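One structure below.
Because the structure is predicted, anything quoted here is derived from the model rather than measured.
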Number of protein chains: 2
Amino acid sequence: MSFKLLESPRLEELVNYIKTALNSKSTVLLIGECRVDYEGRASSRLEPGERLVIIKQDGAILVHRPTGYSPVNWQPSTSIIEVIYKEGVGLVIHALRDRPREYLTIVFTRINIFFAGKLVDAGNFTMYIDEKEMRDILANNPFLIEDGLRVIAVEKPVGDGFVDIYAIDKDNRHVLIELKRVTATREAVIQLYKYVEAYKNEFGEKPRGILIAPAFSPSALETALNLDLEYKYIDLKKVREYSKKKVRRTLLSDFTTGSKNDFSH
Amino acid sequence: MSFKLLESPRLEELVNYIKTALNSKSTVLLIGECRVDYEGRASSRLEPGERLVIIKQDGAILVHRPTGYSPVNWQPSTSIIEVIYKEGVGLVIHALRDRPREYLTIVFTRINIFFAGKLVDAGNFTMYIDEKEMRDILANNPFLIEDGLRVIAVEKPVGDGFVDIYAIDKDNRHVLIELKRVTATREAVIQLYKYVEAYKNEFGEKPRGILIAPAFSPSALETALNLDLEYKYIDLKKVREYSKKKVRRTLLSDFTTGSKNDFSH
DNA sequence: CTATGCATGTCGATA
DNA sequence: TATCGACGTGCATAG
């Protein structure tokens, strides 16, 4: 990594450094005293203070205060950036974004650290289990849900949406299964209920509805009880063990056009 | 701002610098080559590459790749941080978080830049308008919605949720108003529909349902039409003008316990 | 403390 | 390109 680092630079001289860095698609860090105005979907003003500003290689801008996960102000990667030095004002950074039209203005009155460097980052990022993965694993290993379950389709269109897994149980009853990787809330139960109702209307037969999650909120349990829906705790660790047998990534289109790719047997 | 800045330090010597910085509640920046593992609600692995790691004064950790708004890995401010140097491995940073239990491990094999400094940031941050503000302004100036409207309550409990504004129109019909500060999607329409249905069931009278937003998605408009709901465009600029007459922040409790604070006249 | 809903949400996939 | 739904969503607030 080649980089440029300046301690307590004069603001005037920084303008060209920053412009050069942005033109060469480098990542720029600025630490110093600034104020920030934002105008777009909302409006905000941040009074002067010491912050870290990051301008990434794709034009994303983040203004970070010394605490908290979230940037206090930002602009996603779609922004156009302009840098000016205004005598008596300071170093002004404008970031403009179209659609939605949003403006971000950062005014630095002092900069302690300037860094510009081209980060080389080709490392792969893998999320080991997300809801899709969980769905695929369970669809391919339905005994993890209950014995004798036969999966007919995943992401089956029902009513307004898609139910995660559509199956038939050992007593030949139809089963709609909704999955949550995190604690299931009442919302999830209601969603499943809508699927069950829609299915009943469409196909004339009331299916079982099972909500599967590692945990359930009290209101979810109560609602499930009231709406005559089943729920089942799942151990994510156990599911993850089955993820090793690498399955082809299942695409939505595989299941929405015809039945040739349905999981049936 | 007092700070410490090191260029291409040896990893061994960094351990104490970082520990000292964390103990003194400083913000730490590390730029260099690292890999990252995460385990918690999900699991992820990030292969080696050059990144920026931020450890904030409250223990929040962000791992940023050279592009994009979002950190690739992170830990919110509730984390406990441990720093170790492992011979033959590198500089290891562990961040543990309770509730939910989550582990983040960063392993640096090279560091180009180390920065530690106590940022002083007392600047005030003001968000000029959010949905609450919009709700309060419209509740206090209902003529912006339509002539003759009398607001009875805001955040009125209806069914499962709370409708933003509950009012009575000039013909004495009940009106449920749902607000969106951004483009309203079908979801917003469905939400309003649920309120209208729930209200009908609870109070026996079918109210008007009005969705108010600066813009509407086509599916939102279509759904509104199908569900017999009204929609109204609102100019945020115009609403914002009425925000100058500073209103006391309206609390939910003002409207849910008794009627003494209701907006009625 | 948990539950609920908003967010300048952001991001990715789909039509 | 716009829309839709998920997210390790984070975060504030109400109960």
Distance check needed: [N] [atom2] versus [X] [atom1], whole Å only.
{"X": "B/Glu222", "N": "C/dA15", "atom1": "CD", "atom2": "P", "value": "17 Å"}
{"X": "A/Asp37", "N": "C/dT8", "atom1": "CG", "atom2": "C1'", "value": "14 Å"}
{"X": "A/Asp98", "N": "D/dT1", "atom1": "CG", "atom2": "P", "value": "11 Å"}
{"X": "B/Lys194", "N": "C/dT4", "atom1": "NZ", "atom2": "C1'", "value": "12 Å"}
{"X": "B/Arg135", "N": "C/dA7", "atom1": "CZ", "atom2": "C1'", "value": "15 Å"}
{"X": "A/Leu62", "N": "C/dG9", "atom1": "CG", "atom2": "C1'", "value": "14 Å"}
{"X": "B/Leu236", "N": "C/dT8", "atom1": "CG", "atom2": "P", "value": "13 Å"}
{"X": "B/Asp136", "N": "C/dC6", "atom1": "CG", "atom2": "P", "value": "14 Å"}

For [X], does the [atom1] atom sit with more than 12 other heavy atoms under 6.0 Å from it, leaving out its own atoms?
{"X": "B/Arg45", "atom1": "CZ", "value": "no"}
{"X": "B/Asp228", "atom1": "CG", "value": "no"}
{"X": "B/Arg97", "atom1": "CZ", "value": "yes"}

[M] and [N], which share atom name [atom1], separated by this distance in whole Å:
{"N": "D/dT9", "M": "D/dG5", "atom1": "C1'", "value": "13 Å"}
{"N": "D/dG10", "M": "D/dA6", "atom1": "C1'", "value": "14 Å"}
{"N": "C/dG9", "M": "C/dG5", "atom1": "C1'", "value": "13 Å"}

Checklist entry - Are B/Arg181 and B/Glu133 ion-paired here, with the side-chain N under 4.0 Å from a carboxylate O? => result no

Item to check | Name of the residue among B/Ile165, B/Val239, B/Ile234 meeting side-chain contact (heavy atoms from CB on, under 4.5 Å) with B/Ile212 | outcome: B/Ile234

Checklist entry - Any side-chain heavy atom of B/Ile129 within less than 4.5 Å of one from B/Ile137? => result yes

Checklist entry - Going 5' to 3' along nucleotides 3-9 of chain D, which nucleotides have protein heavy atoms under 4.0 Å from the base (write B), which only from the sugar-phosphate (write S), and which from neither (write -)? => result SSS-SBS

Item to check | Residues that A/Tyr69 engages under ring-ring contact (aromatic ring centres under 6.0 Å, His included), provided they are two or more places apart | outcome: B/Trp74

Checklist entry - Hey, is the side chain of A/Arg99 poking within less than 4.0 Å of OP1 or OP2 on D/dA2, counting only N and O atoms? => result yes

